[in-house]
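Read the structure below first, then the notes.
This one's a predicted model, so the numbers in the text were calculated from it and none came from an experiment. The first residue of the sequence shown is numbered 1, and numbering continues consecutively from there. The figures that follow rest on heavy atoms only: side chains count, while hydrogens, waters and symmetry mates do not.
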Amino acid sequence: MHLYVADHPLINHKLTLLRDKNTPSPMFRQLVDELTTLLAYESTHNVRVETIDVETPLTKTQGQILADPRPIVIPILRAGLGMLEGMTRLLPTAEVGFLGMKRDEETLAIETYANRLPSDLSGRQCFIVDPMLATGGTLVAAINYVLERGARDVTCTCILAAPEGIKVVTDAVGDRADVSVVVAGVDDHLNDDAYIVPGLGDAGDRLYGLV
């Protein structure tokens, strides 16, 4: 697994505002969207392209466009929805799939409750988005889900990660596929409730309110 920590003044600025407990939900959603677009620039660094001929107003030349099959963006419900538009802003021709996963707050086990993905992902570049890489269980489950369907090129974009979660994903993925994780920051640790510290709280609740 490859880990890339994005380091840019705008990313750090927006991340600081996200951490602030006084940032209201509407602004929080906007910041997540903007931050995701900045992270998407890094996440798509190796997106596949093909060369084509193009005619400009002056002459003929060659350029590059996204190659087929189209990449697929996969937000993990529900918090990942807040990152979807930020990703598709840079990948407007990508398809979108959905994975609904939730963590049992007592056992920390991951349950998949929704799936809207093609049955065959062979040859597809998959871009999984989820704001928090905490214990790593959800991300590992999502990665395994797409690998079982034939994907071999997976990029995960998260806002924050904990060292414990990074280790879990690294150990679980091994050398089975080309998997990258792009994050805005790696925080200190997980607390006893498996929340990232200092973190930014529950991303889903701050995006959409308590359920």
Quick one: do Met27 and Ile159 end up in the same hydrophobic cluster if we chain Ile, Leu, Val, Met, Phe, Trp and Tyr together by side-chain heavy atoms under 4.5 Å apart? yes

Using modelled atom types only, decide if a donor and an acceptor are shared between the side chain of Thr135 and the backbone of Gly165 within a distance under 3.5 Å. no

Are any of the side-chain heavy atoms of Asp7 and Asn12 separated by less than 4.5 Å? yes

Got a donor-acceptor contact below 3.5 angstrom from the Arg29 side chain to the Leu207 backbone? yes

Contact check, side chains of Val96 and Pro75, non-hydrogen atoms, under 4.5 Å: yes

Is Ile52 linked to Leu66 within one hydrophobic cluster, defined over Ile, Leu, Val, Met, Phe, Trp and Tyr using a side-chain heavy-atom separation of less than 4.5 Å? no

To the nearest 0.5 Å, how far apart are CG in Leu38 and CG in Leu90? 9.0 Å

Return the minimal non-hydrogen interatomic distance between Arg206 and Leu200, and the atom names on each side. NH1-O, 2.9 Å

Thr36 and Leu39, any side-chain heavy atoms less than 4.5 Å apart: no

Does any N or O in the side chain of Asp187 come within less than 3.5 Å of the main-chain N or O of Ala162, such that one atom is a donor and the other an acceptor? no

Separation between NE2 (His13) and CD (Glu34), nearest 0.5 Å, reads 8.5 Å

Check Tyr145 against Asn115 and note the closest heavy-atom contact, atom names and distance. OH-ND2, 3.1 Å

Please test Val154 against Val179 for side chain to side chain contact (heavy atoms under 4.5 Å, CB included), starting from the C-alpha separation and ending with a verdict. CA-CA 5 Å; Val154 182; Val179 176; 4.2 Å; yes

Do you reckon Val5 sits in the same ILVMFWY cluster as Leu133, going by side-chain contacts under 4.5 Å, direct or chained? yes

Group every Ile, Leu, Val, Met, Phe, Trp and Tyr by side-chain heavy-atom contacts under 4.5 Å, then state whether Leu10 and Leu35 land in the same group. yes

Atom CZ of Arg89 with >12 non-hydrogen neighbours under 6.0 angstrom: yes

Minimal non-hydrogen separation, Val32 against Gly82, with atom names: CG1-O, 3.4 Å

Once rounded to the nearest 0.5 Å, what's the spacing between atom CG of Leu84 and atom CD1 of Ile74? 11.0 Å

hydrophobic_cluster_shared for Leu91 and Val49, side chain cutoff 4.5 Å: yes

Give every residue pair that meets the side-chain hydrogen bond (donor to acceptor under 3.5 Å, both in side chains) criterion with at least one member in residues 160-171, sequence neighbours excluded. Lys167-Asp171

Quick one: does Ile65's side chain get under 4.5 Å of Glu50's, heavy atoms only? yes

Any chance you could measure Leu99, atom CG, to Arg116, atom CZ, to the nearest 0.5 Å? 12.0 Å

Measuring from Leu18:CG to Ile11:CD1, what's the distance to the nearest 0.5 Å? 11.5 Å

Residue pair Leu81 / Tyr208, side-chain heavy-atom distance below 4.5 Å: yes

Enter the distance from Leu17:CG to Arg19:CZ here, rounded to the nearest 0.5 Å. 11.5 Å

Trace of the side chain to side chain contact (heavy atoms under 4.5 Å, CB included) decision for Val169 with Leu3: CA-CA 10 Å; Val169 175; Leu3 175 68; over 6 Å; no

Indicate the atoms forming the closest heavy-atom contact of Gly209 with Arg78, along with that distance. O-NH1, 3.3 Å

Please list every donor-acceptor pair under 3.5 Å in which a side-chain atom of residues 117-132 meets a protein atom from a residue at least two apart or in another chain.
from	atom 1	to	atom 2	distance (Å)
Asp120	OD1	Ser122	N	2.9
Asp120	OD1	Ser122	OG	2.7
Arg124	NE	Arg70	O	2.6
Arg124	NH2	Arg70	O	3.1
Arg124	NH2	Glu95	OE1	2.9
Gln125	OE1	Arg48	N	2.8
Gln125	NE2	Asn46	O	3.1
Gln125	NE2	Asp153	OD2	3.1

Minimal heavy-atom distance between Gly63 and Val54, with the atoms involved, is N-CG1, 4.2 Å

His189 atom NE2: more than 12 heavy-atom contacts under 6.0 Å: yes

